[in-house]
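Position 1 is the first residue of the sequence, and the numbers go up from there. Remember, it's 1-based here, ligands and their atoms both numbered in the order they're listed.
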Amino acid sequence: MPANGAAYPGLTAQQIFYNERSGVPAQPSPAPDRAPGAQGPGPLPLTLASAPEADGAPAGEILIPGVTGRARRPVAKPPRHLADLPMAGRRAAVAELGQPAFRASQLSRHFFGRYTDQADEMSDLPRDARDPLARALLPRLLTAERELACDGGTTRKTLWRTLDGALVESVLMRYPDRVTMCVSSQAGCGMACPFCATGQAGLTRNLSTAEIVAQVVAGARLLADSEVPDPSGGARGGRPPRSQQSPGRVSNIVFMGMGEPLANYANVLGAVRRLTDPVPDGMGISQRSVTVSTVGLVPAIARLAAEHLSVTLAVSLHAPDDELRDTLVPVNRRWQVSEVLDAAWSYAGTTGRRISIEYALIKDINDQAWRADLLGSLLAGNLVHVNLIPLNPTPGSQWTASRPADQREFVRRLEAHGVPVTVRDTRGREIDGACGQLAASAR
Ligand code: SAH
């Protein structure tokens, strides 16, 4: 679609790049460097309402492809996998194959406890049953297209190809005291946040529960095979020899890879259950060590609260004021800052879990001292923690991370409001660690 520069004061057509699916400008103009309501010249923030028609929707209509579930092209549903099913469903599926139902539990132990889908590694199953069971219930859903490592092998990023050709990413990060896996919940994303590489490409499709779980099982297998070194003791005295290191296990999951998890609610919830149910039903990871990160889909946050799980909710706020957030997180036009925060406080009230507020610090866009004060005043007194993420610039973007002094001042002001804050460690930058960047570079 040709960009119509006239709709955006201060920008020429060449400066506007549209998200192919949603019509959202990928490079909005810098936000006004002043408090909302203050007078003064300067470019207007771009809004979805002023975006030209996209996908047949009238200008002004808010397009949330991840929510409406419309995909770019028809895609084949991935084949059924035991990780899609609760144990009762697995027993029924095994019985359909003419096998005793208890084989469901044996197969599940292999997949969730030993991280294998290989029939020849299942010696407790009769020889003639192994192949048909594995073929029917453990199809290989993801193929590693590229694997990259950094930080001495303790950060591993995998670019996966699904059976229908979509690309998704997962990252494993081993620390002295934990192993965190960052997983994708969708191929692409429909939320169109302009600073995010995944947001630029639009949504391809939702991942199935098993496609999400398979990313974690693959990481668990890597650890079990002692492929990921233990970083403990690195600085002092060096690492113990590989043979004496503990292999480690996946302890934490963050839904911070590609996609908006709450726009793929049922499959993500299924994945949370599979990841956290004890073996053989699932992998036995603690619910408290699972974080679901969202742009702020308010009804889905309320639904998640009602599940009475102990998972942590992360909210990608990125701006404390609607004027700027409308641009940085376009779904804000549907659910504004106050509604999103109310839903978050209600989630914290129901679950007792501290809310994590994600805030990518972007130089001269959202890192002003007054925005830190506004954010601090909105959050103060709540069960909350702020995670500041230095922006990882996407290729071709004019935006970059904040100056160190501005970042320090932002932290200081939040702390002055009594709001706990950390600056996220930025592992994996040299391997396109930021959301969607590896898939973008492989396209
Ligand atoms: N859709 C979910 C998960 C997305 S990725 C969500 O928005 O929460 C996890 C976090 O990384 C989000 O807070 C997202 O806004 C942030 N992010 C995406 N691209 C980034 C970039 N280039 N630099 C820094 N943070 C980024």
- Query: Between E358 and R424, is there a salt bridge with N-O shorter than 4.0 Å?
  - Reply: yes
- Note on the structure: atom 19 (N) of ligand 1: of G296, A401, A314, C196, the nearest heavy atom sits on C196
- Query: Are S170 and W160 close enough that a side-chain donor and a side-chain acceptor fall under 3.5 Å?
  - Reply: yes
- Message: Assess whether a salt bridge exists between R273 and E307, defined as any Lys/Arg side-chain N lying under 4.0 Å from an Asp/Glu carboxylate O.
- Response: yes
- Any N/O of E358 closer than 3.5 Å to an N/O of ligand 1? no
- Numbered atoms and elements of ligand 1 in range of I389, under 4.0 angstrom, heavy atoms: 24 (C), 25 (N)
- Going by the atom numbers of ligand 1, which of them fall below 4.0 Å from some non-hydrogen atom of V295? 6 (C), 7 (O), 8 (O)
- Item | Presence of salt bridge, E409 and R412, under 4.0 angstrom | yes
- Tell me whether the guanidinium CZ or amine NZ of R303 lies under 6.0 angstrom from the six-membered ring centre of Y265 and within 45° of its axis. yes
- Query: Can you tell which part of V315 has a heavy atom less than 4.0 Å from ligand 1: side chain, backbone, both or neither?
  - Reply: neither
- Query: Is there a heavy atom of H318 sitting under 4.0 angstrom from any atom of ligand 1?
  - Reply: yes
- Item | Winner among Y359, F195, W399, F255 once heavy atoms are compared against atom 26 (C) of ligand 1 | F195
- Message: Here's a test for you: under side-chain hydrogen bond (donor to acceptor under 3.5 Å, both in side chains), which of E323, R325, E339 qualifies with N332?
- Response: R325
- Nitrogen or oxygen of T394 less than 3.5 angstrom from that of ligand 1: no
- Note on the structure: Closest to atom 7 (O) of ligand 1 (heavy atoms only, candidates S316, P390, G199, A263) is S316
- Query: So Y359 and F410, would you call those rings parallel, tilted or perpendicular, with 30° and 60° as cut-offs?
  - Reply: tilted
- Query: With respect to atom 1 (N) of ligand 1, which of C189, G259, S293 exhibits the smallest heavy-atom separation?
  - Reply: G259
- Salt-bridge criterion met for K363 and D406 (N-O under 4.0 Å): no
- Report, in ascending order of atom number, the atoms of ligand 1 lying under 4.0 Å from any heavy atom of G257. 4 (C), 5 (S)
